[in-house]
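Report on one structure; see the data block that follows.
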Amino acid sequence: MTTAMSDSFDLGEPPQPVKTPDAPAYRVLARKYRPQTFSELIGQDAMVQTLGNAIKRDRLAHAFLMTGVRGVGKTSTARLIAKALNCIGPDGDGGPTIDPCGVCEPCRAIAEGRHIDVIEMDAASHTGVDDVREIIDASRYSAVTARFKIYIIDEVHMLSKNAFNALLKTLEEPPPHVKFLFATTEVNKVPVTVLSRCQRFDLRRISAEQLAKHFAWVSSEEGVVADPEALMLIARAAEGSARDGLSILDQAIAHAGLEGGGVTADAVRQMLGLSDRGAVRDLLTLILAGDGAGALASMRRQYDYGVDPLSVLRSLLETVHGITLTKVGTPPDAAQPMEERAAREDWAASLGYPALHRLWQLFLKGHDEVAKAALPIEAAEMALLRAIYASTLPDPGELARQIASGAAPAATPTAPPPPAPPSGEAPPWNAGATAKAPEPVATGPILPPTFEALVDLLDESGGLAIAARLRHGARVVSYSPPEFVLSGSRPVSADTLAELNTLLKSVTRTAWKVSIVDAPGAPTLREAQDAADAAVRQAILESPIMKAAVAAFPDAQLESWPGQRSNA
């Protein structure tokens with residue numbers, strides 16, 4: 001029976017173990033290209049220089065705190081400081097250095113995360129007093145093999161209030177062989193008592209140009225061909241974070257596949273859901289031309305391609321911002337395509353500052369509405385239509401000048417749209433741009449008959465601050481346009497006079513002569529208004545009806561009356 005049972009359960013040879021490949025596991029780019037020396041740390045030159053001088057002069061603080069946004073190198077800097085302090089050089093006789101050798105045992109052990117005297121912990125999972133008490137107790141003992149015992153605490157703002165208080169005394173007077181290195185993204189949550197005991201380094205966001213150059217080097221190291229425009233798109237999407245950018249680059253390389261086509265700008269836009277720059281230029285051209293149907297069709301076309309409406313509004317904001325910078329005279333971006341640069345130069349030449357600022361405010365409001373809307377594409381279309389309607393409105397300053405001069409306001413765009421080449425199926429740039437030509441505007445000087453009318457004109461033309469100063473503090477001795485004399489009883493600064501002359505020439509299209517003499521002058525406009533209001537008030541109070549009302553209601557007070565002027 002036993003033999004039969006044994007034969008019936010004979011399963012043959014045992015399964016062979018699965019052989020694992022000897023090749024090392026793939027490491028993502030963000031880990032593979034983590035800085036191993038201070039020279040590889042990009043965008044933080046000021047901090048590296050400070051640390052280098054401190055090490056050379058033997059002026060090392062006992063606690064460092066690195067703060068900044070994600071991915072700028074806080075934890076990497078802490079590890080580099082640990083290597084710099086504990087490096088012994090290839091011959092074993094070296095001291096602290098800003099250029100650790102990377103070949104000695106402390107350097108290799110720290111880089112591999114296995115050094116017994118470099119303790120790295122995450123404050124998010126060690127938040128309590130007991131965790132800090134372990135650090136305090138262990139810090140009393142000397143380092144085992146290294147020069148310094150170093151504690152690297154990441155996201156230190158996650159420690160509890162009691163944990164911070166428990167650490168204060170040791171942090172202020174630690175043993176000479178102990179160094180504390182803190183890293184945090186939310187420095188405002190770290191108590192001031194802790195900040196005052198640390199040497200603080202604010203790591204900056206890395207510029208898009210530096211990130212693009214770094215990504216180009218990484219691509220060459222990986223044997224991948226990448227377009228400069230694609231790398232710039234990735235750098236801008238990273239928002240100053242090297243880690244985020246390397247993660248996006250890793251994804252873009254995987255998205256490129258095995259065909260060997262490399263990383264292209266179109267592929268990156270498609271991967272990130274960014275709007276095509278040519279489509280954005282066409283859309284802005286249609287908006288400036290007042291072509292509502294064409295703009296909505298262009299918006300829907302991008303939406304059907306999978307572009308997020310919020311991304312379209314963001315691209316329009318970036319374009320308007322770039323046009324404004326071009327108009328100011330900012331040097332162009334070297335990585336910018338020639339078509340984009342030419343279109344921005346054309347727009348900058350034809351659009352005025354008021355129109356650009358108005359477009360910025362309209363697109364910014366539309367962006368916020370789309371971000372919170374239950375129907376994003378519908379909200380985006382309404383935002384575009386609002387911008388199209390506003391593009392046909394006259395400039396407020398020009399409108400005020402037209403009203404002051406007696407000319408009829410013209411409801412036409414402030415500037416013609418620049419000729420931009422169409423792309424794809426987009427309508428031509430001038431589709432629907434058949435608006436009536438603007439009526440001629442008077443170009444002669446505007447000379448208000450009274451000083452009060454002049455101040456009102458300045459107020460309506462945007463010179464609110466100057467108009468307020470004149471209304472409240474200017475005492476006029478004489479007024480004969482284009483010249484008036486002010487009393488010196490109320491001193492006027494030279495800066496105010498220069499600003500006033502510039503504004504007067506801009507608004508009235510003529511040069512004015514403003515002088516100050518030592519004479520009393522007339523009351524200010526505000527004083528005259530207050531005196532007129534007081535006279536009217538007194539006349540009302542002395543009227544028979546008002547006296548009867550006060551007699552019947554002794555506590556009644558006269559607050560306002562018809563025709564009373566504002567106190568603004």
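- Remark: the backbone N or O of A124 is paired with a side-chain donor or acceptor of D122 at under 3.5 angstrom.
- A side-chain donor-acceptor contact under 3.5 Å links H62 to the backbone of L171.
- Using a 4.5 Å heavy-atom cutoff, the side chains of C198 and F64 are not in contact.
- Every residue meeting the side-chain hydrogen bond (donor to acceptor under 3.5 Å, both in side chains) condition with R34, not counting sequence neighbours, appears here in chain and number order: S76.
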Go through R386 and E381 one step at a time and tell me if the salt bridge (charged side-chain N to carboxylate O under 4.0 Å, His left out) criterion holds. CA-CA 9 Å; R386 184 167 59 234; E381 290 176 343; over 6 Å; no

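- E209 and R236 are not joined by a salt bridge, as no carboxylate oxygen comes within less than 4.0 angstrom of a charged side-chain nitrogen.
- Classification of E369 and K365 as a salt-bridged pair holds, one side-chain N sitting under 4.0 Å from a carboxylate O.
- Here the side chain of D250 pairs a donor or acceptor atom with the backbone of L29 at under 3.5 angstrom.
- The backbone N or O of T145 sits less than 3.5 Å from a side-chain atom of D117, completing a donor-acceptor pair.
- The residues E155 and K74 are annotated as not salt-bridged, no charged nitrogen and carboxylate oxygen being separated by less than 4.0 angstrom.
- Here K32 does not pair with E221 in a salt bridge; the nearest charged N to carboxylate O distance is not below 4.0 Å.
- Considering all non-hydrogen atoms of both residues, A237 and I248 come closest at CB-CD1, 4.0 Å.
- Closest approach of L195 to R200, counting heavy atoms only: CD1-NH1, 4.4 Å.
- K179 contributes no side-chain N or O that, together with a main-chain N or O of K149, makes up a donor-acceptor pair within less than 3.5 Å.
- Here the OG1-CZ distance, from T193 to R197, works out to 5.5 Å after rounding to the nearest 0.5 Å.
- Taking the six-membered ring where the residue is Trp, H321 and W360 present tilted rings, their angle falling between 30° and 60°.
- Ring geometry for H357 versus Y353: interplanar angle under 30°, hence parallel rather than tilted (30 to 60°).
- With contacts defined as side-chain heavy-atom distances shorter than 4.5 Å, the pair L296/R300 does not qualify.
- If you take CD1 on I42 and OG on S207, they are separated by 8.0 Å, rounding to the nearest 0.5 Å.
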Start with the C-alpha distance between E112 and R108, add both sets of side-chain angles, then the distance that settles salt bridge (charged side-chain N to carboxylate O under 4.0 Å, His left out), and finish with yes or no. CA-CA 6 Å; E112 297 170 4; R108 288 189 286 109; 5.2 Å; no

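- Residues R281 and W347 have side chains in contact (heavy-atom distance under 4.5 Å, counting atoms from C-beta outward).
- A donor-acceptor distance shorter than 3.5 angstrom exists from the side chain of S350 to the backbone of D346, with no hydrogens or angles considered.
- For T170 against S139, the heavy-atom pair with the smallest separation is CG2-OG, 4.0 Å.
- Using a 4.0 Å cut-off between charged side-chain N and carboxylate O, E345 and R341 make no salt bridge.
- Between the R205 side chain and the E239 main chain, a donor and an acceptor come within less than 3.5 Å of each other.
- Atom NE2 of residue H367 and atom OG of residue S315 lie 9.5 Å apart, to the nearest 0.5 angstrom.
- The shortest distance between side-chain heavy atoms of P106 and H115 falls below 4.5 Å.
- Taking every heavy atom of both residues into account, S298 and L286 meet most closely at CB-CD1, 4.2 Å.
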